[in-house]
2 protein chains.
Amino acid sequence: MSCFNPYRDHNHQHCIKDALNEARLLCRSRNIRLTPLRERVLELVWQSHCPVGAYEILAELTQGESKPAQPPTVYRALDFLREQGLVHRLSSINAYIGCSHPSTPHNSCFLICTQCRTTIEIEHPAIEHSLEDCASEHGFIIADASIELAGLCTNCKTN
Amino acid sequence: MSCFNPYRDHNHQHCIKDALNEARLLCRSRNIRLTPLRERVLELVWQSHCPVGAYEILAELTQGESKPAQPPTVYRALDFLREQGLVHRLSSINAYIGCSHPSTPHNSCFLICTQCRTTIEIEHPAIEHSLEDCASEHGFIIADASIELAGLCTNCKTN
DNA sequence: GGAAAAGCGTTATATTATAACATTCAACAG
DNA sequence: CTGTTGAATGTTATAATATAACGCTTTTCC
C-alpha cells in the first residue's frame with residue numbers, strides 16, 4: 001500500500017485506488033458498511049499525500065451538488081474512518097490524512113512538511129520502543145499516541 | 001524545578017513558586033518583560049499538574065473583575081509564554097501546561113492521564129534519538145515535535 | 001521630552017467540532 | 001415480502017477554540 005514514496009514522482013492514482021481497494025476489503029472482512037458517502041470521503045482524503053481539513057472535504061463534497069453538505073456529514077464519515085483505522089487525525093494541524101497501512105494497528109509517527117505539506121506516516125520500531133520504555137518507567141499505560149513532527153521534507157530542504 | 005513527582009503527594013505551592021521564580025529569572029536574563037498579566041497567566045497555568053484550556057484561564061482571570069477579560073488577552077499571554085518556553089500547548093487536547101524545565105530547549109514527551117488529567121513532561125534521550133533517526137532516514141529536518149501519549153497514569157491504573 | 005515600539009483593551013469574526021432531532025435506508029425475522 | 005429495528009444520513013443550531021484588526025496606554029530609549 002501507499003504504492004510509492006510520496007516524496008518521489010509517482011502515479012498517485014495508484015495510491016488512491018489501492019487505498020480504496022484495501023478499505024473495501026477491510027470493511028468487508030469486518031462486516032461493516034463502507035457506504036458511498038464514507039468511500040467518497042476516504043477518496044477525498046486520499047487526493048494527495050497532504051493532510052486535509054474537515055471543511056476542505058466539506059467544500060469538495062458540496063462541489064456540483066445543489067444543496068451544500070453540512071459539517072456533521074463529514075465529521076461522521078471521518079469518525080467512522082478513524083475508528084476503522086483508515087484515516088488519522090493530525091491534531092497539531094487539525095487535519096486528516098489517509099492511513100498508509102490500515103490493516104495493522106500501530107502508533108505511527110508523522111513527518112509533516114511545513115513547506116509543501118506532504119506528510120508521511122512511519123512505523124518505526126525504535127520509536128515505539130522508546131515510548132513504551134518511557135511510559136513504563138513512569139508506570140504509565142499508553143492508550144493512544146500522537147507523534148507529529150513538523151519540519152522540512154527532503155525535497156523542500158534543498159529547494 | 002517541578003519540585004516533586006506530581007503523581008506523589010506534594011506541596012504544590014512549591015511548584016508554583018519555583019515555576020514563577022524561574023520564569024522571572026529567565027525573563028530577566030533574556031531582557032524581556034514578564035508583565036503582571038503574563039505572570040498571572042503563568043500562575044494560573046501552574047495551578048496544577050493538569051493541562052488547562054485557554055477559556056478556563058480566561059474565566060479565572062475574570063474572577064472578581066468588573067469587566068470580563070477577552071480571549072486575545074489570554075492567547076497573547078500564552079503566545080508569549082510559549083515563545084519563551086515557559087508553557088507548552090498540548091494540541092491533542094487543546095490545552096496548555098507549564099513547562100517543567102524551561103531553561104533548556106527540548107522536545108518533550110507528555111504523558112497525559114485520561115482519568116485524572118495529571119500530565120508529566122519527560123525528556124527521554126532514547127525518544128529524541130529515535131525520532132532524530134527516523135527523521136534523518138527520510139531526509140527530514142525536525143523543526144517542532146509534538147509527542148503526546150494519552151493513557152492511564154500509575155495511580156489511576158490501580159484505582 | 002518625544003518618537004517608536006511593545007503591551008493591552010475591545011470588537012468582531014474565523015475556524016473547528018458537536019448536540020439534538022428528523023428522516024431515510026438497510027437488514028432481518030417472521 | 002412486509003413490518004420492525006437499528007444504522008446511516010439530513011438538517012438546524014450551537015459549542016469550543018482561536019485570530020484579525022484597530023486604537024489606546026505604557027515602556028523604552030535616544
Side-chain angles (χ1 to χ4, degrees), chain A residues 23-24 27-28 30-45 50-84 86-97 117 146 148, chain B residues 23-24 27-28 30-45 50-84 86-97 117 146 148:
Chain A
R24 286 186 204 105
C27 288
R28 168 177 284 265
R30 289 179 189 164
N31 208 26
I32 51 178
R33 299 170 53 204
L34 186 63
T35 63
L37 175 62
R38 291 165 172 174
E39 190 172 319
R40 178 99 181 84
V41 169
L42 183 59
E43 189 184 3
L44 290 172
V45 166
C50 301
V52 289
Y55 280 75
E56 288 178 66
I57 296 171
L58 191 58
E60 286 166 29
L61 261 188
T62 289
Q63 286 289 338
E65 301 298 316
S66 48
K67 280 219 167 178
Q70 298 303 316
T73 300
V74 166
Y75 281 104
R76 281 192 290 231
L78 287 172
D79 287 347
F80 169 85
L81 296 169
R82 289 169 63 198
E83 279 163 17
Q84 299 306 322
L86 295 164
V87 159
H88 294 291
R89 174 165 196 269
L90 300 176
S91 65
S92 65
I93 56 173
N94 293 333
Y96 302 83
I97 190 162
R117 306 217 346 131
S146 162
E148 302 173 23
Chain B
R24 285 184 204 109
C27 288
R28 168 175 284 265
R30 289 179 188 163
N31 207 26
I32 52 178
R33 297 171 54 203
L34 186 63
T35 63
L37 175 61
R38 291 166 173 174
E39 190 171 319
R40 179 97 180 86
V41 169
L42 182 59
E43 188 183 3
L44 290 172
V45 166
C50 300
V52 289
Y55 281 75
E56 289 178 66
I57 297 172
L58 192 57
E60 286 165 30
L61 260 188
T62 289
Q63 286 290 337
E65 302 297 316
S66 48
K67 280 219 167 178
Q70 298 303 316
T73 299
V74 166
Y75 281 105
R76 280 192 291 231
L78 287 172
D79 286 346
F80 168 85
L81 295 168
R82 289 169 63 198
E83 280 164 17
Q84 298 307 321
L86 294 164
V87 159
H88 293 292
R89 174 166 196 268
L90 300 176
S91 64
S92 65
I93 56 173
N94 292 333
Y96 302 83
I97 190 163
R117 305 213 351 128
S146 162
E148 302 173 22

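If you're wondering where the values come from, they're calculated on a predicted model, not measured in any experiment.
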Result for 5'-nearest mapping on DNA chain D, choosing between B:N31 and B:A54, is B:A54

Any side-chain heavy-atom pair of [X] and [Y] under 4.5 Å:
X: A:T35; Y: A:F80; result: no
X: B:R38; Y: B:L42; result: no
X: B:T73; Y: B:V41; result: no
X: B:N94; Y: B:R89; result: yes

For atom CZ of A:R28, is the number of surrounding heavy atoms from other residues, nucleotides or ligands below 6.0 Å larger than 12? no

For a quick check, tell me whether the side chain of B:Y75 and the base of D:dA20 share a donor-acceptor pair closer than 3.5 Å. no

The reported gap from CG in A:L34 to CD in A:Q84 (rounded to nearest 0.5 angstrom) is 9.5 Å

CG of B:L90 to SG of B:C50, rounded to nearest 0.5 Å, is 11.0 Å

In DNA chain D, stems of three or more consecutive pairs, Watson-Crick or G-U, each with both distances under 3.5 Å, turn out to be C:1-30 with D:1-30

Letter by letter from the 5' end, nucleotides 5-11 of chain D scores (B base, S sugar-phosphate only, - none; protein heavy atoms under 4.0 Å) ---SBBB

By salt bridge (charged side-chain N to carboxylate O under 4.0 Å, His left out), B:R117 pairs with (sequence neighbours left out) none

Sequence neighbours excluded, the answer for salt bridge (charged side-chain N to carboxylate O under 4.0 Å, His left out) partners of B:R33 is none

So the contacted stretch of DNA chain C, first to last nucleotide with an atom under 4.0 Å from a non-hydrogen atom of chain A, runs from C:dT16 to C:dA26

Whole-Å distance, B:E56 CD to D:dA16 P, equals 11 Å

List the atom pairs, donor and acceptor, that lie under 3.5 Å between side-chain atoms in residues 58-69 of chain B and the rest of the protein, sequence neighbours left out.
residue: B:T62; atom: OG1; partner: B:L58; partner atom: O; Å: 3.1
residue: B:T62; atom: OG1; partner: B:A69; partner atom: N; Å: 2.9

